[in-house]
Amino acid sequence: DVKVTQSSRYLVKRTGEKVFLECVQDMDHENMFWYRQDPGLGLRLIYFSYDVKMKEKGDIPEGYSVSREKKERFSLILESASTNQTSMYLCASSSDIIQETQYFGPGTRLLVL
Amino acid sequence: AQSVAQPEDQVNVAEGNPLTVKCTYSVSGNPYLFWYVQYPNRGLQFLLKYITGDNLVKGSYGFEAEFNKSQTSFHLKKPSALVSDSALYFCAVRDFSGGYNKLIFGAGTRLAVHP
């Protein structure tokens, strides 16, 4: 079974702090994704990566950056957390095969005070 | 541009009754369509997908979905709902723009199954 793990289930941070969210997948997938989930808005793509050290902006990249130094690990960074970044963050991975689905981690619920 | 719409924020159904969760899409070319379910405080779990072939697709937990090209719909169905089916359901469509393999998700539909 594919396994996607996220470093924290719940995080509480203060405004202005630098926040790191880590995601690891064990299926040797080329593609990895970071989404945020907010009620009524569904999942919105923040950033994705299609290869090591490669990244592409999604629909809402402002205020975020990412890092992919190893194939299995994709990190989301909030450079200076703000209250409007309080959300559920979901990581996913997929192979390059277009019929294949994305596999999701359990999510990190981030509260910025 | 590719898009997907879930017209209902919430669907209520009695246990044992059939359920339908609606999804419509807009794509250029052939659609690749997916359904996911999210239980409380969990990530998304894959339910089923339509790539090509039979318009009726069967998936996990007794769910199925019907692809209708003329109506550009991909509704999720189950003949007999269970209380444990209560969850948040997302429809998604494959997005190939820019040459990348991504998904576009609908806003989600909350299914509430009452005993």
Side-chain angles (χ1 to χ4, degrees), chain A residues 1-10 21 23-25 27 29-51 54-61 87-110, chain B residues 1-10 21 23-25 27 29-53 57 59-60 63 65 67 87-110:
Chain A
D1 276 351
V2 174
K3 194 160 187 183
V4 180
T5 57
Q6 296 183 229
S7 51
S8 305
R9 293 299 303 273
Y10 301 95
L21 303 182
C23 175
V24 177
Q25 51 96 1
M27 280 300 292
H29 282 165
E30 293 82 5
N31 304 313
M32 296 188 74
F33 307 84
W34 275 108
Y35 297 90
R36 64 176 283 177
Q37 181 184 2
D38 301 289
L41 296 177
L43 274 69
R44 293 180 291 168
L45 183 63
I46 305 171
Y47 267 98
F48 66 99
S49 168
Y50 54 93
D51 202 350
M54 306 305 288
K55 60 185 179 184
E56 288 291 331
K57 293 180 180 178
D59 300 316
I60 52 164
S87 187
M88 170 74 110
Y89 290 88
L90 293 169
C91 175
S93 73
S94 74
S95 73
D96 261 347
I97 302 171
I98 59 173
Q99 301 95 318
E100 283 300 309
T101 186
Q102 287 185 12
Y103 296 88
F104 283 81
T108 296
R109 191 167 292 281
L110 174 66
Chain B
Q2 327 277 46
S3 67
V4 63
Q6 295 180 243
E8 301 155 318
D9 291 336
Q10 178 148 336
V21 182
C23 173
T24 59
Y25 64 89
V27 301
N30 293 322
Y32 289 17
L33 297 157
F34 300 79
W35 274 103
Y36 290 83
V37 60
Q38 185 181 36
Y39 298 103
N41 297 312
R42 303 289 296 275
L44 273 67
Q45 295 179 31
F46 169 72
L47 273 181
L48 52 78
K49 64 184 176 185
Y50 173 82
I51 304 299
T52 186
V57 179
S60 307
F63 283 93
F67 171 67
L88 190 55
Y89 291 81
F90 290 96
C91 182
V93 64
R94 184 74 76 195
D95 177 16
F96 296 107
S97 60
Y100 302 114
N101 188 6
K102 301 179 291 176
L103 290 176
I104 295 175
F105 287 86
T109 298
R110 188 165 298 281

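Chain A is the first sequence line, chain B the second, and so forth, proteins listed ahead of strands; every chain is numbered from 1.
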**OP:** Answer with yes or no after comparing the ring centroid distance for B:Tyr89 and B:Phe63 against a 6.0 Å cut-off, counting only values under it.
**Re:** yes
Original post:
Taking the six-membered ring for Trp, are B:Phe96 and B:Tyr32 parallel (under 30°), tilted (30 to 60°) or perpendicular (over 60°)?
Top reply: perpendicular
**OP:** Please identify each residue that fulfils salt bridge (charged side-chain N to carboxylate O under 4.0 Å, His left out) with A:Arg109, with sequence neighbours left out.
**Re:** none
Portion of [X] that has a non-hydrogen atom of chain B nearer than 4.5 angstrom:
{"X": "A:Tyr89", "answer": "neither"}
{"X": "A:Glu30", "answer": "neither"}
{"X": "A:Leu43", "answer": "both"}
{"X": "A:Ser95", "answer": "backbone"}
{"X": "A:Gln6", "answer": "neither"}

**OP:** Please look at B:Ile51 and chain A and tell me whether the side chain, the backbone, both or neither of the residue comes under 4.5 angstrom of a heavy atom of that chain.
**Re:** side chain
Original post:
What part of B:Ile104 gets closer than 4.5 Å to chain A, counting heavy atoms only: side chain, backbone, both or neither?
Top reply: neither
**OP:** Could you tell me whether the side chains of B:Thr109 and B:Gln6 share a donor-acceptor contact shorter than 3.5 Å?
**Re:** yes
Original post:
Quick one: are A:Phe104 and B:Gln38 in side-chain contact, heavy atoms under 4.5 Å?
Top reply: no
Subject >> 4.5 Å side-chain heavy-atom contact, B:Phe34 and B:Leu44 >> reply: no
Subject >> Residue selection (most heavy-atom pairs with chain A, distance under 4.5 Å) from B:Lys49, B:Arg110, B:Arg94 >> reply: B:Arg94
